Amino acid sequence: QTCALPIYEEYVGQTEAVDTVEVRARVSGLLEKQSFEDGGRVAAGSVLFVIDQQPYIAALEQAKAALALAQAQHLNSKQQLDRVRPLAKERALSQQDLDTAVAKEAIDAATENAARAQLRTAELNLDYTTIRAPRDGVISKALIKAGGLVNASTTLLTTLYSVNPIYVNFTVSERSEEHT
């Protein structure tokens, strides 16, 4: 009488994350704060690092002031154009003066749009000083500590690894394959 016994084998394996994210800053500056524990789990959207915000707050205020100035200049050129148009129709003003007023209003409109874009850029840069986890996972150790200089896009801050699902890699010897 034969008895079937299961064969058990032990193998050394290595786990590997399915997704790996290198965490880098989008703006440069001094690293002010690390908000996670090295090797810990983090949730998507949680704060990982904070870069010194003061230069970016100042740039935002400057962009707001530049927009206010551009808006005032644009309003003035619109008002000037509104005064010049009826005079040009009455031929009390030269065509060149009308053309100059039209061009000035167009330039000021474009300047206002450029200032609005600069304001948006300043808002984004300030927002980028807070670096958040792009996904849930386990985070490695911080490669830059508080007080360290971070260069935009080039400085690797840490790496975030997915935990569910994961790969398990192991090798099976030819001798072990004969038993299966």
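Remember, it's a predicted structure, so these values are computed and weren't measured experimentally.
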Rounded at 0.5 Å granularity, tell me how far [atom1] in [X] sits from [atom2] in [Y].
| X | Y | atom1 | atom2 | value |
| --- | --- | --- | --- | --- |
| I166 | Q14 | CD1 | CD | 11.0 Å |
| L60 | L126 | CG | CG | 6.0 Å |
| L119 | E61 | CG | CD | 9.5 Å |
| E22 | T158 | CD | OG1 | 10.0 Å |
| R132 | D127 | CZ | CG | 7.0 Å |

Say whether [X] and [Y] are linked into one hydrophobic cluster, either directly or through other cluster members, by side-chain heavy-atom distances under 4.5 angstrom.
| X | Y | answer |
| --- | --- | --- |
| I131 | I57 | yes |
| V42 | L156 | no |
| L81 | L87 | yes |
| I144 | V50 | no |
| V138 | L160 | no |

Any side-chain heavy-atom pair of [X] and [Y] under 4.5 Å:
| X | Y | result |
| --- | --- | --- |
| R116 | Q71 | yes |
| L30 | L149 | yes |
| V18 | Y167 | yes |

What are the two closest non-hydrogen atoms of [X] and [Y], and how far apart are they?
| X | Y | answer |
| --- | --- | --- |
| A122 | A59 | CB-O, 4.0 Å |
| S28 | A152 | OG-N, 2.8 Å |
| A133 | A43 | CB-O, 3.4 Å |
| R24 | L157 | C-CD1, 4.2 Å |
| V21 | P134 | CG1-CG, 3.8 Å |
| L48 | F36 | O-CD2, 3.4 Å |

Crowding at [atom1], [X] (>12 non-hydrogen neighbours, <6.0 Å):
| X | atom1 | value |
| --- | --- | --- |
| E37 | CD | no |
| Q62 | CD | no |
| R83 | CZ | yes |

Using only atom types and a distance under 3.5 Å, with no angle test, would you say the side chain of [X] pairs donor to acceptor with the backbone of [Y]?
| X | Y | result |
| --- | --- | --- |
| T129 | Q53 | no |
| T20 | Y161 | no |
| T159 | S140 | no |

Residue among Q79, K78, Q80, H74 satisfying side chain to side chain donor-acceptor pair (under 3.5 Å) with E105: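 Answer to the side chain to side chain donor-acceptor pair (under 3.5 Å) test with E105 among Q79, K78, Q80, H74: H74.
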With a 4.0 Å cut-off on N to O distance, would you call D108 and K104 a salt bridge?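 A salt bridge links D108 with K104.
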Which pairs, with at least one residue in residues 133-149 and sequence neighbours excluded, count as a salt bridge (Lys or Arg N to Asp or Glu O under 4.0 Å)?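 Qualifying pairs, neighbours excluded: D19-R135, D38-K145.
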